[in-house]
Amino acid sequence: MPELPEVETIKNDLEKEVLHKKIIDIEVNLPRIIKFPTIEQFKAVLKGKFIEGVKRRGKYIQCFLDSGDCLIFHLGMSGLILYQKKNENINSKIKQQHNHLFFFFEDGSQMIYNDIRQFGKIWLIKANEELPEIKSLGWEPLEESFTFQEFAGIIHNKKGNIKSLLMNQKNIAGIGNIYACEVLFTAGIHPLRQGNSLTDNELRKLYLSIRSTLTRAVQARGMTLEDESYRDLMGEPGNYKEEVLIYGKRKGNCPACGQPLSVIRIESRSTFLCPICQKNKPVKLKKNG
DNA sequence: AAAGTAACCTGCCCGC
DNA sequence: TGCGGGCAGGTTACTT
């Protein structure tokens, strides 16, 4: 589900709602979600602590506590973090049976971890330690230090297809299936092109497309598809669906040339493209040609 | 190095 | 109406 824009939206919402709140109790209904430490330690450490900072790194959310501990979320495919004020109910479209974890605050409000497919993960570690998963992440695509030179440097010498390179979190952190499709369409590049086959001009278009697409999607508070699975902290959908160009449009036409879009599979993920506007597909040479 | 597959889960949609 | 297959925003492990 959530890629950089969705996770960034939740992080921003958390900063607004849960900062300086004291956790007084925790309820765990699905222990499997918590990867470290044990459930008992998890509860014992969190009880009585204040959330004093929230950050995002790639698709991970880090909540820093006053005790020097750090609560980390990865939302997997369908994870939601929801906030419910005292005596208020969240959006009724969200199914309560998938509420797996409750954090009760002193003021009567609560933070809920909800996850239909249960692929999400939660850790509680010391803030001065780093999760190996986070340590190995690549560039933050919206940071100023991520320049065109840096982007070209990680792509231009790699043989793999450009879509997989973009989705590999060790190269760039936060791009998933939706935004990989969108960004390649905007840049007019076929998803199966090899990284080392891209011209300087193509790399430039792709770099600008990554920056502008992700920025717009953050401004729109992320993308909620027809199934309405992604929600922000208040249970509300994101608005990027209004702006999405090709992702999910199985019977749609290209917004640029009007021809039918096509869907291929790359690493068993549906990949949307316009065969006309992204026609520079690599030529497969026959043996003994 | 790169590409493919399966695994972890639940729910929904489609075709028969 | 019911059932099976395929698919869904992610990541990892393992195999070719």
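Throughout, a chain's letter reflects where its sequence line sits, starting with A, and its residues are numbered from 1. Keep in mind that what you see is a predicted model, and the values were worked out from it rather than measured.
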Exercise. How are the rings of A:Tyr240 and A:Tyr179 set to each other: parallel, tilted or perpendicular (split at 30° and 60°)?
Worked result: tilted
Exercise. Okay, side chain of A:Glu106, backbone of A:Lys22: is any donor-acceptor separation there less than 3.5 Å?
Worked result: no
For this session: Look at the side chain of A:Ser197 and the backbone N and O of A:Arg193, then say whether any donor-acceptor pair between them is shorter than 3.5 Å.
Result: no
For this session: Report yes or no: does A:Arg265 contribute a side-chain atom to a donor-acceptor pair with the main-chain N or O of A:Ser268 at less than 3.5 Å?
Result: yes
Problem set entry | Nearest-Å distance once atom P is located in both B:dC13 and C:dG9 | 16 Å
Exercise. Under 3.5 Å, side chain of A:Lys49 to main-chain N/O of A:Val45, donor-acceptor pair present?
Worked result: yes
For this session: Say whether, by atom type as modelled, one donor and one acceptor occur between the side chain of A:His100 and the main chain of A:Asp115 under 3.5 angstrom.
Result: yes
Exercise. So, A:Glu182 side chain and A:Tyr247 main chain: donor-acceptor pair closer than 3.5 Å or not?
Worked result: yes
Exercise. Dot-bracket for DNA chain C, 5' to 3', with Watson-Crick and G-U pairs under 3.5 Å, [ ] for crossing pairs and | for other-strand pairs: what is it?
Worked result: .|||||||.|||||||
For this session: Give the ring-plane orientation class for A:Trp139 versus A:Phe146, where under 30° counts as parallel, over 60° as perpendicular and anything between as tilted.
Result: tilted
Problem set entry | Atom P, compared across C:dG5 and B:dA6: separation rounded to whole Å | 14 Å
Exercise. Rounded to whole angstrom units, what separation is found between the CG atom of A:Leu137 and the C1' atom of C:dG10?
Worked result: 13 Å
Exercise. Does the side chain of A:His98 get closer than 4.0 angstrom to OP1 or OP2 of B:dG11 through an N or O atom?
Worked result: yes
Seminar exercise, completed: Expected string for nucleotides 1-8 of chain B under the B/S/- scheme (protein heavy atoms, under 4.0 Å, primed atoms plus P, OP1, OP2 as sugar-phosphate) is -SS----B
Seminar exercise, completed: Considering only heavy side-chain atoms of A:Asn177, the closest of B:dT10, C:dG9, C:dT11 is C:dG9
Exercise. Taking it one step at a time, do A:Arg250 and A:Ser270 satisfy side chain to side chain contact (heavy atoms under 4.5 Å, CB included)?
Worked result: CA-CA 10 Å; A:Arg250 283 209 145 70; A:Ser270 288; 3.0 Å; yes
For this session: Could you measure between the two P atoms, the one in B:dC9 and the one in C:dC3, and give it in whole Å?
Result: 24 Å
Problem set entry | Side chains of A:Ile175 and A:Val183 in contact at under 4.5 Å (non-hydrogen atoms) | no
Seminar exercise, completed: A:Ile94 atom CD1 is separated from B:dG11 atom C1', nearest whole Å, by 16 Å
Exercise. Just how far, in rounded Å, is P of C:dG9 from NZ of A:Lys249?
Worked result: 16 Å
For this session: Kindly say if A:His74 contacts the phosphate of C:dT11, meaning a side-chain N or O under 4.0 Å from OP1 or OP2.
Result: yes
For this session: Quickly work out the A:Tyr179 OH to C:dG10 P distance and round it to whole Å.
Result: 10 Å
For this session: Check the distance between B:dC13's P and A:Leu225's CG and give it to me in whole angstrom.
Result: 13 Å
Exercise. Side chain of A:Gln118: nearest nucleotide among C:dC7, C:dG9, B:dT10?
Worked result: B:dT10
Exercise. Quick one: A:Ile81 CD1 to C:dG9 P, roughly how many Å, whole number?
Worked result: 20 Å
Sub-3.5 Å pairs of nitrogen or oxygen atoms, protein against nucleotides 12-16 of chain C:
none

Problem set entry | Separation between the P atoms of C:dT11 and B:dG11, rounded to whole Å | 22 Å
For this session: Give the rounded distance in Å between these two atoms: NZ of A:Lys95 and C1' of B:dG11.
Result: 7 Å
Exercise. Hey, is the main chain of A:Asp232 close enough, under 3.5 Å, to the side chain of A:Glu236 for a donor-acceptor pair?
Worked result: no
Exercise. With no hydrogens and no angle check, is any side-chain donor or acceptor of A:Arg56 less than 3.5 Å from a backbone partner on A:Gly58?
Worked result: yes
Exercise. Counting distance only, does the side-chain N/O of A:Glu143 pair as donor-acceptor with the main-chain N or O of A:Glu140 below 3.5 Å?
Worked result: no
Exercise. Quick one: which of C:dG9, C:dG10, B:dG11 gets closest to the side chain of A:Ile116?
Worked result: B:dG11
Exercise. Does a nitrogen or oxygen in the side chain of A:Gln169 sit under 4.0 Å from OP1 or OP2 of C:dG10?
Worked result: no
For this session: Grab the CE-C1' distance between A:Met77 and B:dC12 for me, whole Å please.
Result: 14 Å
